Amino acid sequence: MDAFFASVELLRYPQLRGLPVVIGGRRRTPQEGASAADAALPLSAFERLRNYQGRGVITTATYAARAFGVGSAMGLMKAARLCPDAILLPVDFDAYRRYSRAFKDVVRSFAPVMEDRGIDEVYIDFTHVPGGQEQGGRVLAQRIQQGILAATGLTCSIGVAPNKLLAKMASEFDKPQGISIIFEGDLATRIWPLPCRKINGIGPKTDARLQALGIHTIGELAQQDVAALVRHFGKAYGAWLHDAAWGRDERAVVTASEPVSMSRETTFERDLHAVHDRAELGRIFTALCERVAADLQRKGYCGRTIGIKLRYADFRSVTREQTIALPTQDAATIRRAAGQCLRRVALTQRLRLLGVRVGNLVPQSEVALQHMAAGTPELF
DNA sequence: TCTGGGGTCCTAGGACCC
DNA sequence: TCTGGGGTCCTAGGACCC
């Protein structure tokens, strides 16, 4: 989806169309849900980025804002210097999730073999869709774009290719509202000139290491000896880098999967000290455990591995986890295990973030009997 | 001007078992 | 006297993605 969060916001605030708008920072509270009247709010009613104080990053920026050099993951204070007049909107995940479901429903109505890749992205297997091969897939891609636009008012960009790796790259060739089709024979002309960082799976760390080796483009990566890549990056990742540079990817489109973990974390408005701010930290900690427990209950899962995450003021992170005998979705049980984890870390430095995670998940239907047998149905 | 929140997967060492 | 070869599970950290 094109600038997904920002595009959803523009649907309810059409008066912001064409203006620099960034989404980020504070979460929208339920009382702040936009009403029909908001569509007519005067521009002066919107908060400007220059007035923002505090922590937080941009999750999405409109294309008008991107022209100022602001973009995803950038700190809001930095963005405020680049574009002080930009309008700042708090995130509203409930709204984005509704639109996410809506566009995925449209996709599935055309092509049922769809893999969910988060809130604004999917992979689709066209192979067996009637008419999917017309004009190399362009006809079906156009129909999907039109269907999504009609159902949601949102635009998207589609890449069509022989595999997921290339399709993902192709989807970024012509944003917004583009369709790009890549054939195997296009590798040298359309993929190899791109920077290595464009490969989904090469992040900032690997990119820096590649650059240090004098490898900047995918074509340069492709020319490397596999053995040399394996020496530098390990057996599995080195071989994968070479395959990726040659456009090789055999992964299937996976239509269903079970969650592995659920977590909640929060960055404090100011750094907190374990002793000095003990009461406040304790309240936040318990609330995080309750939120994870509520998530598990709502989605029908229990987990055996309870963990915490801390981020110190200097941004170092540590994690601790503990695996308990029986999977749980009970807030007090999670709180107890997480509390034991917390006792195993040094708390002399100020903290900026605290998180609670439950892993090793199993569907709750598989757990009830275990707790009955153990005589602990209340901890289930 | 410090840098969100929710995830997945991988690695590597140690415990423990057969 | 020093020393097998699997295998699984647990833990901590890190890279990466949306």
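Excluded from the calculations below are hydrogen atoms, water molecules and symmetry mates; all remaining heavy atoms, backbone and side chain alike, are included. To find a chain, count down the sequence lines: A is the first, B the second, and so on, and within it residues start at 1. Given the structure is predicted, the values throughout are model-derived calculations rather than measurements.
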Exercise for review: Answer yes or no on whether A:Arg66 is positioned over the face of A:Tyr63, meaning its NZ or CZ is under 6.0 Å from the six-membered ring centre and within 45° of the axis.
Suggested key: yes
Point to revise | Residue mapping more 5' on DNA chain B - nearest nucleotide basis, A:Ser263 or A:Gly54 | key: A:Gly54
Revision key, fill the gap. Only one of A:Leu165, A:Val160, A:Leu166 passes side-chain contact (heavy atoms from CB on, under 4.5 Å) with A:Pro162, and that residue is A:Leu166
Check your understanding: For DNA chain C, what is the dot-bracket line, given that a base pair needs Watson-Crick (N1 to N3, plus N6-O4 or O6-N4) or G-U wobble (N1-O2 and O6-N3) geometry with both distances under 3.5 Å, and | means paired with another strand?
Key -> ....||||||||||||||
Review point. NA contact type, A:Arg344, heavy-atom cut-off 4.0 Å: base, sugar-phosphate, or nothing?
Key: sugar-phosphate
Check your understanding: Any side-chain heavy atom of A:Asn51 within less than 4.5 Å of one from A:Leu88?
Key -> no
Review point. From A:Ser180 OG over to A:Ile158 CD1, what is the distance, rounded to the nearest 0.5 angstrom?
Key: 10.5 Å
**Study point:** Matching residue for A:Leu310 among A:Leu347, A:Leu353, A:Thr319 - test: side-chain contact (heavy atoms from CB on, under 4.5 Å)
**Key:** A:Leu347
Review point. Is a donor on one side and an acceptor on the other found under 3.5 Å between the side chain of A:His128 and the backbone of A:Val113?
Key: no
Exercise for review: For A:Val260, answer base if it contacts any base atom (sugar-phosphate contacts may also be present), sugar-phosphate if it contacts only those atoms, and nothing otherwise; contact means non-hydrogen atoms under 4.0 Å.
Suggested key: sugar-phosphate
Review point. Toward the 5' end of DNA chain B, which comes first, A:Leu353 or A:Ser261, by nearest nucleotide?
Key: A:Leu353
Check your understanding: Do the non-hydrogen side-chain atoms of A:Tyr99 and A:Met1 ever get within less than 4.5 Å of each other?
Key -> no
Point to revise | Positions of residues 292-328 of chain A (non-hydrogen atom under 4.0 Å from DNA chain C), listed by number | key: A:Arg304, A:Val318, A:Thr319, A:Arg320, A:Glu321, A:Gln322, A:Thr323
Point to revise | Sub-4.0 Å heavy-atom contacts from residues 72-103 of chain A onto DNA chain C, ordered by number | key: none
Review point. What pairs with A:Thr127 under side chain to side chain donor-acceptor pair (under 3.5 Å), at least two apart in sequence or on another chain?
Key: A:Asp125
Revision key, fill the gap. Bounded by its outermost nucleotides with an atom under 4.0 Å from a heavy atom of chain A, the footprint on DNA chain B reads B:dT1 to B:dT11
Revision key, fill the gap. Contact check, residues 195-208 of chain A vs DNA chain C, heavy-atom distance under 4.0 Å, returns A:Arg197, A:Ile199, A:Asn200, A:Gly201, A:Ile202, A:Gly203, A:Pro204, A:Lys205, A:Thr206
Check your understanding: Side-chain contact, heavy-atom cut-off 4.5 Å: A:Cys302 with A:His371?
Key -> no
Check your understanding: Any chance the side chains of A:Ser171 and A:Ser157 put a donor and an acceptor closer than 3.5 Å?
Key -> no
Check your understanding: Between A:Trp246 and A:Trp192, how do the two ring planes meet: parallel, tilted or perpendicular, split at 30° and 60°?
Key -> perpendicular
Exercise for review: Go through the side-chain N and O atoms of A:Arg304 and A:Thr323 and say whether any donor and acceptor fall under 3.5 Å apart.
Suggested key: no
Point to revise | 4.5 Å side-chain heavy-atom contact, A:Asp249 and A:Lys164 | key: yes
Study note, to complete from the structure: CZ (A:Arg344) and CZ (A:Arg320) are apart, to the nearest 0.5 Å, by 6.5 Å
Practice item. Would you classify A:Lys235 as touching base, sugar-phosphate or nothing, given that sugar-phosphate means primed atoms plus P, OP1 and OP2, and contacts are heavy atoms under 4.0 Å? Key: nothing
**Study point:** Cation-pi geometry met for A:Arg311 and A:Phe315 (6.0 Å, 45°)
**Key:** yes
